[in-house]
Amino acid sequence: MRQLIVLGFVGFLAQLIDGSLGMAYGVTSSTLLLAAGVAPAAASAAVHFSEIGTSLVSGFSHHKLGNVDWRTVSILAVPGLVGAFAGATFLVSLDGDAAKPWVAGILLTLGVYVVWRFLVLGGQRPTFKGRPPAAMLAPMGLVGGALDAIGGGGWGPVGTTTLLSSGRLEPRKVIGSIDTSEFLVAVGGSAGFLLALGSANIEWGYAAALLAGGVVAAPIAAWLVKKLAARVLGVAAGGLIILTNTKTIVESVGGSGAAVWVSLALLFVLWITGITWAVRQELAARRAETAAAAGVEVPVPA
């Protein structure tokens with residue numbers, strides 16, 4: 001019972017992060033299950049079954065608050081389902097560790113770009129032009145879904161990073177659309193795991209505990225996305241991308257546990273500094289807009 005309560009709290013925390021920043025539910029939950037000795041396929045299966053419920057509640061919450069671009073979801077979700085099903089059924093026995101550093105390197109580069117893009121704005125507001133084309137969304141959905149099933153997490157890191165770096169959608173709609181389309185990804189992955197593993201090999205209690213915690217957190221996270229400024233969301237999401245992928249890269253090159261923690265600690269300080277700077281710039285921009293409306297000129301700090 002104590003273990004299930006802990007998993008419920010993990011599900012709450014993981015969904016709060018995922019629903020606010022567009023990633024980390026699968027990675028956080030899978031990591032804990034693997035540490036508890038659950039086999040990788042069984043861990044990923046439990047996470048995907050719990051995500052059916054959490055992503056449904058999260059998508060509904062984001063929709064009610066206007067955080068979803070339904071055109072993006074309609075193009076992205078079906079390839080994500082196909083990729084997740086294929087990853088669960090045909091690729092579940094393959095070792096994905098060899099590809100992880102390369103994928104992490106690409107995502108890390110995009111994460112740096114996302115943070116840079118929002119930090120260099122100064123007093124300007126971020127602008128978002130057009131919408132992501134189908135030629136980008138469909139392959140991204142296929143790859144993201146497959147990686148999500150193989151690694152127990154990957155839909156958010158691939159989808160959120162790619163869409164944020166494209167500059168086509170504002171961050172709250174990126175996060176809301178990724179979270180909403182994740183429902184079909186979870187369905188596809190779960191169906192594949194059910195076919196490949198059989199119901200007897202799936203930890204239903206773990207899935208239920210993660211689901212219970214995630215369902216509670218989903219509406220709270222959607223509300224946070226609605227309230228936070230695009231500049232702050234962009235820096236926060238980009239920083240999380242950098243943190244998670246740096247960990248993967250340092251571990252893949254044989255870095256010790258100490259090296260991993262030192263790297264993450266330094267990046268965490270820089271991340272918080274970046275978020276603080278973004279908040280400061282956002283407040284300054286709002287003061288300038290208020291003053292301009294009143295006919296008073298207020299300098300915005302660089």
Side-chain angles (χ1 to χ4, degrees), residues 13-31 67 100-101 103-122 124-126 128 144 147 151 153-179 182 217 220-252 255 259-285 302:
L13 184 61
Q15 182 58 43
L16 190 63
I17 298 171
D18 186 271
S20 300
L21 299 179
M23 69 193 81
Y25 180 87
V27 173
T28 303
S29 304
S30 296
T31 299
N67 296 337
K100 280 185 179 180
V103 175
I106 295 171
L107 295 179
L108 176 63
T109 302
L110 291 174
V112 171
Y113 171 72
V114 168
V115 172
W116 174 82
R117 180 175 178 271
F118 284 98
L119 283 182
V120 298
L121 288 168
Q124 300 177 353
R125 292 282 186 172
F128 309 96
L147 288 175
W155 180 252
V158 171
T160 301
T161 306
T162 305
L163 290 181
L164 279 176
S165 63
S166 74
R168 300 297 185 91
L169 287 177
E170 57 183 305
R172 72 182 183 92
K173 294 214 168 184
V174 168
I175 293 167
S177 300
I178 289 296
D179 271 17
E182 193 169 19
I220 301 173
W223 179 82
L224 285 173
V225 169
K226 176 71 173 179
K227 293 299 181 182
L228 289 176
R231 186 197 319 260
V232 178
L233 273 176
V235 174
L240 185 62
I241 295 165
I242 294 171
L243 277 172
T244 54
N245 289 289
T246 296
K247 179 178 182 293
T248 300
I249 292 173
V250 174
E251 289 176 341
S252 68
V260 171
W261 283 109
V262 169
S263 301
L264 293 182
L266 290 174
L267 287 173
F268 182 79
V269 172
L270 291 175
W271 184 31
I272 297 303
T273 302
I275 292 175
T276 303
W277 179 261
V279 170
R280 179 173 176 265
Q281 291 293 326
E282 185 64 26
L283 292 175

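Each residue takes its place number in the sequence, starting with 1.
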- Query: Considering only heavy atoms from C-beta outward, does the side chain of Asn67 approach that of Lys226 to under 4.5 Å?
  - Reply: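 Yes. Closest side-chain heavy atoms under 4.5 Å.
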- Query: Is there side-chain contact between Asp179 and Gln15, with heavy atoms separated by less than 4.5 Å?
  - Reply: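 In short, these two side chains touch, coming nearer than 4.5 Å.
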Return the [atom1] to [atom2] distance between [X] and [Y], rounded to the nearest 0.5 Å.
X: Leu270; Y: Ile275; atom1: CG; atom2: CD1; value: 11.5 Å
X: Leu169; Y: Thr160; atom1: CG; atom2: OG1; value: 11.0 Å
X: Ile175; Y: Ser177; atom1: CD1; atom2: OG; value: 10.0 Å
X: Leu233; Y: Leu164; atom1: CG; atom2: CG; value: 9.0 Å
X: Ile242; Y: Leu267; atom1: CD1; atom2: CG; value: 7.0 Å
X: Trp271; Y: Leu264; atom1: CH2; atom2: CG; value: 11.0 Å

Shortest non-hydrogen contact between [X] and [Y], atoms and distance:
X: Val225; Y: Gly19; value: CG2-O, 3.2 Å
X: Ala278; Y: Val235; value: CB-CG2, 4.0 Å
X: Ala221; Y: Leu16; value: CB-O, 3.7 Å

